There are 2 protein chains.
Amino acid sequence: MAAQAPERGGEVRRRLLEAAALLIGERGWTAVSTRVLAERAGVAPGLVHYHFHSLPALLREAAITAMRGVLAEAAPPRPGPGGAPDVLDAFLSVLDRYSGDDPGSLLFIEAYLAATRDGELRAELAGLLAQVRDALAARLAEAGQAEPETTASVLAAALDGLFLHRALNPELTAAAVGPVLRRLITTDGGAEAPEGEPA
Amino acid sequence: MAAQAPERGGEVRRRLLEAAALLIGERGWTAVSTRVLAERAGVAPGLVHYHFHSLPALLREAAITAMRGVLAEAAPPRPGPGGAPDVLDAFLSVLDRYSGDDPGSLLFIEAYLAATRDGELRAELAGLLAQVRDALAARLAEAGQAEPETTASVLAAALDGLFLHRALNPELTAAAVGPVLRRLITTDGGAEAPEGEPA
DNA sequence: GAAGCTATTGGACGAACGCCCAAGGAGTCA
DNA sequence: TGACTCCTTGGGCGTTCGTCCAATAGCTTC
């Protein structure tokens, strides 16, 4: 049942990263310990420092990896099958997919906070955020949005802020805030969206 | 120099709360320990559990107290002397007053996160947030804003989200995002603002 | 001055922490 | 079969954690 030698280690490494991403959301970044992490991953405590050179390094990699995964599934670069839905609707749909106090949502907030105390993490997160913002800005620009970059930045910040507030105010559903956020989208401004998609 | 007996304790209590509010922002909620807290406050470690029944209770009280203070000074119920400035400008001015990675800003985010793991804190924070939201909604309604409550909720969430993102993207100044956020404010909708302020 | 009270000190307690390492299991190749 | 490599185990190291407490200081009231 055991995999090949060079693969066995990779599997444990992966399990540790997955467990870390969950525990960051459950306990908070600074409250994830090597022992609970190993126990959650179902491995011996010593393995943590065999596969990773330190706990902060593990948490960094776990957060970045998990966040890339969530973003890839929540906001695919090209909209899924069935044609392109409204940009804002697609953007807001994640609000109903995550409650604001689940490990997935909290991982993002915890990572933002940890980045203020870890320069390396901050650089990686800044790149990730810029990537998301640029992708959103491009789709907004296609639709003729005025100031697409700033609008995208504000939309991204508003989304994370809504996650933050949603744990305290469950009324902040996509249906409730959608009409208000739609005011950010200008339709009178620039050029219309091109008829045929570039690619 | 020492104050009266019933006052001496109160002074130490206050110093502990102030130190805790700073340390929450600096180190993170779960990384504030009794010893560094006592050292920062300039008192013996044993005093922490003399004045507070547990560390979580101390952090809870420190966060709520400090947040009330920040909100009172950042957003007074009635605008300061010199007449009422634009609602959004006053609202956004705090963006330039806090950088996003200072203890003051981080305290808010840390408290939101801690609230997802502490029901008592969650209840208190929900009340605080509702208070801020209602005050903002009232001022928006005065100005004839459509959907003032939801608009206020979205504005408050966007502001906190901008703090969160600002540590990763320093371009998010009030001047940059102000024009975009202003789109949330509808001027065509409801009644005009009354000519004379009610009080 | 004695009694009584609150505030404060500094250290003890067991538990958990991050990190490290000697020892051994398990697979591959000569 | 023996050498070699990678992976895994379980516990030890010194430190720090939250909490508690006996002893003491400073003040108020008799």
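In what follows, every heavy atom counts, from backbone to side chain, and hydrogens, waters and symmetry copies are set aside. Keep in mind that this is a model prediction, so the values were computed, not measured. Order of the sequence lines sets the chain letters (A, B, ...), proteins ahead of strands, with each chain counted from 1.
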Legend entry - OP1 or OP2 of D/dT8 under 4.0 Å from side-chain N/O of A/His51: yes

Inset, instruction - Could you check how far NE2 of A/His49 sits from C1' of C/dC17, rounded to whole Å? - result: 11 Å

Inset, instruction - Please state how far atom CG in B/Leu16 lies from atom P in C/dA7, giving the value in whole angstrom units. - result: 13 Å

Legend entry - Side-chain N,O (A/Ser33) to OP1/OP2 (C/dA16) below 4.0 Å: no

Inset, instruction - Check the surroundings of atom CZ in A/Arg27: do more than 12 heavy atoms from other residues, nucleotides or ligands lie under 6.0 Å from it? - result: no

Legend entry - Nucleotide of D/dG10, D/dT19, C/dT9 approaching A/Ala44 most closely (side-chain heavy atoms): D/dG10

Legend entry - Rounded interatomic separation in angstrom, taking CZ from B/Arg35 and P from C/dC17: 15 Å

Legend entry - Integer-rounded Å distance: C/dA7 P and B/Phe52 CZ: 12 Å

Legend entry - Shared hydrophobic cluster for B/Phe163 and A/Leu168 (ILVMFWY, side-chain gaps under 4.5 Å): yes

Legend entry - Proximal nucleotide (of C/dT8, D/dT8, C/dC19) relative to the A/Pro56 side chain: C/dC19

Inset, instruction - Starting from P on D/dG10, measure out to CD on A/Glu39 and report it in whole angstrom. - result: 13 Å

Inset, instruction - Please state how far atom CD in B/Glu11 lies from atom P in C/dT6, giving the value in whole angstrom units. - result: 20 Å

Inset, instruction - Look at A/Arg97 together with A/Asp102 and state whether they make a salt bridge at an N to O cut-off of under 4.0 Å. - result: no

Inset, instruction - Calculate the interatomic distance between A/Leu47 atom CG and D/dG11 atom P; express it in whole Å. - result: 15 Å

Inset, instruction - Report the distance from atom CG of A/Leu23 to atom C1' of C/dG18, rounded to the nearest whole Å. - result: 16 Å

Legend entry - Lys/Arg-Asp/Glu bridge criterion (N-O < 4.0 Å) met for B/Arg14, B/Glu11: yes

Legend entry - Salt-bridge contact A/Glu171-B/Arg133 (side-chain N to carboxylate O under 4.0 Å): no

Legend entry - Presence of A/Tyr50 side-chain N/O under 4.0 Å of D/dC7 phosphate oxygens OP1/OP2: yes

Inset, instruction - Identify whether any heavy atom of B/Thr34 sits under 4.0 Å from a base atom; if not, whether one sits that close to sugar-phosphate; answer base, sugar-phosphate or nothing. - result: base

